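Read the structure below first, then the notes.
Heavy-atom basis, side chains included; hydrogens, waters and symmetry copies ignored. Note that the coordinates shown come from a computational prediction; the quantities given were computed from them, not determined experimentally.
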Amino acid sequence: MAVIQKYAKNCGPDLVCLKENHPPDKPGAPGCHKKRPESHSSWSRPVARLWTAVLLLGTCLLYCARVAMPICAVSMAEKFSWSKRESGMVLGSFFWGYCFTQVFGGYVSDRVGGEKVLLLSAAAWGSMTAFTPILAHLCSQPILSMTVARFLMGLLQGVHYPSLASLCSQKVVESERGFLMSTVGSGSYLGTLVIGGAGSLMLDLYGWESVFYVSGLMSVLWAYCMWKYLLKGEGPIITLESLGSGGTQSKLNKRHWLRILKQPPVCAVIVTHLCAASTFFTLLSWLPTFFKDTFPDAKGWVFNVIPWLVAIPSSLFSGCLSDHLIRQGIDTASVRKLMQFFSMGVCSVFTVLLCGDTTFPWAVAFVSATMGLTTFSHSGVSLNVQDLAPSCAGALFGVMNTCGAFSGVLMVYFSGYLIEATGSWASMFALITTFNLLGLCTFLAFAESRRVDIDSSKVRHNIHI
């Protein structure tokens, strides 16, 4: 005889009941469970490796298209007679657009699939990149058209990382997420190196227009190949109906979102990511100037290339290490904290060393160690959001990245003010160290790996007699 107690009618929208004729539940499993597409539609290891390679190339091309404008900025300023202020306005407009589509991109990806959002956005920002020279020459006010074009580039590229987070949480098992995200994340460093080398060569040989044409068309070609061979030609159409009828795991109302955002582990990942993004943007923006001011006779390619060459294998190593530790049975939260300790704790040791007097070789070594260790964040806080809320990882990562982008822009400006006011680079490195330690302490104190996107108080289990 069995007495089955059904779920209450007010059961959360992210929960669905099993039919009575389903097989008995596994031991410990509730009779009514949350639909988790990642549990029954995860990629096999060969498929995951294929997608990892494709997404690595896509992220590399993303940064090739993103960095094309900074590389060509000097030549374009000479061509169109831009002042430093006008050049800064064009370059800065990207980041304002980048902030606005983070949450939206993650929200849509959680409902219709991250691969569709990645495909459509890549086709759009790739086309925008390829058409940039045409817009510059056709418009009577190039400064206006380029500012708008860069703002739109930011809007279109802003969905990339939230879509990756959503796709990874839905399709990749927990013990393999570290390798995928760290490998794909290394594409940003690879893309910066590729466009820095090949782009500079094309700029000298064929003019600044060629940099936009090649990087844009390559991105469109990548999107086409992804659609043709991985998605098998399926139409990447996102309709209002698909947004409204997305998987039940993404239908979280305002009350559920408020409950999630009030959870200490969620607040911890947001604060930690904010600190990590702020320090990374600051280092990325000011390190070339630091080397030019401190070591004016040094060769630029040394300090512009070596740190990124170190960052790529470091990122891959961190992903392999985190996945290995999880497969060995170590608690997921402990692994995430360990990765973040290397990213923000050990990294701060080398940042502090930059505060004192040092030689050029040692400065390059310290900066390379700093940039290499920051990549461990790909297997730390960046993955922890997928542990906490796999059903809405894209949207939640969008919230994190929006906060990080805004704080990063502000910290870059504030660092410039601090350097000018104190006349010392040590003040900037001290600020970076402070932010790193603040984020690290927050993460170590509050980070967890238990899911927070399920309201367990509303679940009433079956009782079998």
Side-chain angles (χ1 to χ4, degrees), residues 55 58-59 62-63 65-66 92-111 114 117-118 121-122 125 151-170 177 180-182 184-189 191 250 257 260-261 265-285 315 336 339-340 343-344 374-412 435-436 439 442-443 447:
L55 294 174
T59 304
L62 177 94
Y63 268 77
R66 181 181 300 185
S93 60
F94 172 89
F95 293 100
W96 295 113
Y98 187 74
C99 294
F100 289 127
T101 50
Q102 298 282 333
V103 179
F104 174 76
Y107 171 81
V108 175
S109 298
D110 289 335
R111 288 180 175 267
V117 178
L118 285 170
S121 64
W125 55 255
F151 179 79
L152 292 176
M153 275 287 292
L155 288 176
L156 295 171
Q157 290 199 351
V159 305
H160 184 82
Y161 282 104
S163 299
L164 281 179
S166 177
L167 182 63
C168 182
S169 69
Q170 295 172 10
R177 290 175 184 170
L180 185 143
M181 290 301 290
S182 61
V184 173
S186 68
S188 60
Y189 317 120
S250 63
W257 269 108
I260 290 175
L261 292 175
V266 175
C267 295
V269 297
I270 293 175
V271 171
T272 305
H273 185 79
L274 182 151
C275 294
S278 298
T279 56
F280 179 77
F281 276 125
T282 303
L283 289 170
L284 188 66
S285 301
S315 179
R336 304 296 184 230
M339 296 297 106
Q340 206 60 35
S343 177
M344 306 183 86
T374 57
T375 64
F376 278 65
S377 183
H378 293 311
S379 302
V381 65
S382 296
L383 277 183
N384 191 222
V385 66
Q386 300 176 29
D387 304 325
L388 295 173
S391 65
C392 55
L396 189 54
F397 189 89
V399 174
M400 292 166 49
N401 230 20
T402 299
C403 296
F406 272 121
S407 63
V409 172
L410 294 177
M411 187 167 171
V412 169
F435 264 70
N436 271 338
T442 303
F443 195 74

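Contacts of L284 classified as side chain to side chain contact (heavy atoms under 4.5 Å, CB included), with partners at least two apart in sequence or in another chain: F280, W308. Residues passing the side chain to side chain contact (heavy atoms under 4.5 Å, CB included) test with S407, sequence neighbours excluded: L274, S278. Remark: H160 engages no residue in a ring-ring contact (aromatic ring centres under 6.0 Å, His included) (not counting sequence neighbours). Partners of F435 according to the ring-ring contact (aromatic ring centres under 6.0 Å, His included) rule, which considers only residues two or more places apart in sequence or in another chain, do not exist here. Listed by chain and number, the residues in a side chain to side chain donor-acceptor pair (under 3.5 Å) with Q102 are N401 (sequence neighbours excluded). Evaluation of the side chain to side chain contact (heavy atoms under 4.5 Å, CB included) rule for T442 yields A268, V271, T272, L438, F446 as partners, not counting sequence neighbours. Looking at residues two or more places apart in sequence or on another chain, you find a ring-ring contact (aromatic ring centres under 6.0 Å, His included) between F397 and H273. Taking S343 as the reference, nothing meets the side chain to side chain donor-acceptor pair (under 3.5 Å) condition, with sequence neighbours excluded. For S315, the side chain to side chain contact (heavy atoms under 4.5 Å, CB included) test picks out S182, S186, Y189, T375, H378, with sequence neighbours left out. Partners of R336 according to the salt bridge (charged side-chain N to carboxylate O under 4.0 Å, His left out) rule, which considers only residues two or more places apart in sequence or in another chain, are D387. Applying the side chain to side chain donor-acceptor pair (under 3.5 Å) test to Q340 and every residue at least two apart in sequence or in another chain returns nothing.
Nearest heavy atom pair, residue G105 against residue P162, reads C-CB, 4.4 Å. Here the closest heavy-atom approach between residue I270 and residue C403 is recorded as CG2-SG, 4.2 Å. Between M181 and L164, the shortest heavy-atom distance links the atoms SD-O, 4.3 Å. The heavy-atom pair separating A405 from Y98 by the smallest distance is CB-CD2, 4.3 Å. The nearest pair of heavy atoms linking M344 to C275 is CE-CB, 3.9 Å. Nearest heavy atoms, M411 versus T282: CG-OG1, 3.4 Å.
Between the side chain of S188 and the backbone N or O of G185, at least one donor-acceptor pair lies under 3.5 Å. Judged purely by atom type and a 3.5 angstrom limit, Q157 has no side-chain atom pairing as donor or acceptor with the backbone of W125.
The closest side-chain heavy-atom distance from T279 to T374 is not below 4.5 Å.
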Side chain to side chain contact (heavy atoms under 4.5 Å, CB included) between F281 and V409, worked out: CA-CA 7 Å; F281 276 125; V409 172; over 6 Å; no
Stepwise side chain to side chain contact (heavy atoms under 4.5 Å, CB included) test for Y107 and V159: CA-CA 10 Å; Y107 171 81; V159 305; over 6 Å; no
Derivation and outcome, side chain to side chain contact (heavy atoms under 4.5 Å, CB included), residues W96 and F406: CA-CA 8 Å; W96 295 113; F406 272 121; 3.4 Å; yes
L155 and F104: CA distance, side-chain angles, deciding distance, side chain to side chain contact (heavy atoms under 4.5 Å, CB included) verdict: CA-CA 10 Å; L155 288 176; F104 174 76; over 6 Å; no
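How far SG of C392 is from CH2 of W257: 4.0 Å, rounded to the nearest 0.5 Å. In this structure, CD1 in I260 is found 9.5 Å from CG in L388, a value given to the nearest 0.5 Å. Note that the CZ atom of F151 and the CG atom of L156 stand 10.5 Å from one another [nearest 0.5 Å]. The line from CG of L180 to CG of L167 is 7.5 Å long, rounded to the nearest 0.5 Å.
In summary, of the residues considered (S169, S121, S166, S163), a side chain to side chain donor-acceptor pair (under 3.5 Å) with S109 occurs for S163 alone.
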